[in-house]
Amino acid sequence: MSPHYLLAIESSCDDTAAAVLVGGKVRSSVVSSQLRHADFGGVLPEMASRLHLTAIGPVVRQALLQAEVSLAQLDAIAVTAGPGLLGSLHVGVAYAKGVAFALGVPLIGVDHLKGHLASAYLSEPAPSPDAPLLTLIVSGGHTQLMHQHSPLSAELLGQTRDDAAGEAFDKVAKLIGLPYPGGAALDALAETGDAHFHRFAIPRVEGLDFSFSGLKTAFLYHLRDAQAAQPDYVARHAHDLAAAIRYTLVEALVQKFERAAEHTGLRHWAVVGGVSANRLLRRRMAQLAESHQAQLYIPPLRYCTDNAAMIALAGFHLLRAGHRHGPELVPFATGA
Ligand code: KG4
Ligand code: ZN
């Protein structure tokens, strides 16, 4: 079936999100972020589920209102089924099942990663990317280079062997005292810093894989040594430290991307996932695309970090391809 009025729900981590797709186009996308986790330095799973439970009703209502679509008009429901925090996923999946059952419309469970993949097709201005694409998925949970054939299908070319890039951003941000998740705050701080204040070595990894855990440790040791001699080192140089570590993290991503582009010969590129909101990464990828005469697609910021519009688009394509789930749909915590 090809759904006309589709509602999507995403609750895999600490954002409660809903979106409405009309005729395959995003009509509304609402995200409610759970800021309370910042006080605890990470996402508390139990608290995340409870907050989803209170947010999900208002978030769905808001998405329908903004889209000017009534509940009765909906002809399909999509929901993130995993990977993510099980308790959080349960809230979205149970809600989606209830709505689909009450309305008697099809339900489709979507892999969160497929949602990020599909978001390459939400880049603006709107021209639909010409597949095949060389796609970098960079989020808090994943760092993968993919050869993408369509919104849903892609094959893996390389991935991180340890931390995801977003995780590395959040960990180094925490070391300079920024609240969780610190990736975006570190990016903002770095804008006024000197990227060459200190040189951190770009991790060397074979092939098209990545590694970020060594860089995080190098950063930690650097801060520890420098602060032993100069106790206010981090406070005095926060901007420069942020700029230097951001430069290295971004170069690690960009250099591998360039290698993959040369290796595959692909000239249509996409960068998706939370870290694709990074200002330096966006600038560096734009430069690289220009020098290689490649076409670059990066979604607007609202579709980089977790959102339900990407789940809606992936769900739309899954339903069109004949997939659907029944009441047996259960969330999964780790990669399918
Ligand atoms: O895609 P996403 O919202 O959730 C996952 O699926 O993981 O990505 C979240 C990650 C977090 O690690 C967050 O710190 C990072 O994306 N992030 C950024 C920026 N904005 C979000 N990292 C670097 N620079 C940013 N501007
Ligand atoms: Zn995500």
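Order of listing sets the numbers, starting from 1, for every ligand and every atom in it.
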Name, closest N/O/S atom of D306 to the Zn ion (ligand 2): OD1
Close-contact set for ligand 1 against T305 heavy atoms, below 4.0 Å: 3 (O), 21 (C)
Ligand 1 atoms in contact with G141 (distance to a heavy atom under 4.0 Å): 7 (O)
Atoms of ligand 1 close to G140 [distance to a heavy atom under 4.0 angstrom, numbered from 1]: 5 (C), 7 (O), 8 (O), 9 (C), 10 (C), 12 (O)
Distance filter under 4.0 Å to G274 heavy atoms, resulting ligand 1 atoms: 1 (O), 2 (P), 8 (O), 16 (O), 17 (N), 18 (C), 19 (C), 20 (N), 21 (C)
Residue pair H268 / L134, side-chain heavy-atom distance below 4.5 Å: no
Salt bridge E258-R284, side-chain N to carboxylate O under 4.0 Å: no
Near-ring test H147/H149, centroid separation under 6.0 angstrom: yes
Side-chain heavy-atom pair L152, L117 within 4.5 angstrom cut-off: no
Residue G166 vicinity, atoms of ligand 1 by number, heavy atom under 4.0 Å: 12 (O)
For atom 2 (P) of ligand 1, closest protein heavy-atom neighbour: D306 OD1, 3.3 Å
Atom indices of ligand 1, in the order listed, that fall short of 4.0 Å to a heavy atom of S139: 1 (O), 5 (C), 6 (O), 7 (O), 8 (O)
Polar contact flag for N278 and ligand 1 (N/O pairs, less than 3.5 Å): yes
Flag for D306-H116: side-chain donor and acceptor within less than 3.5 Å: yes
Side-chain ion pair, R283 and E191, N-O less than 4.0 Å: yes
Close approach, R279 and ligand 1, non-hydrogen under 4.0 angstrom: no
Non-hydrogen atoms of A165 and V275 that approach each other most closely: C-CG2, 4.2 Å
Ring centre gap for H198 and Y247 strictly below 6.0 Å: no
CD/E155: more than 12 non-hydrogen atoms of other groups inside 6.0 Å: yes
Atom CZ of R282: over 12 foreign heavy atoms under 6.0 Å: yes
Heavy atom of the protein closest to atom 26 (N) of ligand 1 (residue, atom name, distance): D187 OD2, 3.0 Å
Nearest-neighbour protein heavy atom for atom 14 (O) of ligand 1, which is reported as residue plus atom name and distance: D170 OD1, 2.5 Å
The Zn ion (ligand 2) to nearest N/O/S of H112 less than 2.8 Å: yes
The Zn ion (ligand 2) to nearest N/O/S of C13 less than 2.8 Å: no
Per-atom contacts of ligand 1 with H116, taking only distances under 4.0 Å to non-hydrogen atoms: 1 (O), 6 (O)
Whether H112 lies under 4.0 Å from ligand 1, heavy atom: yes
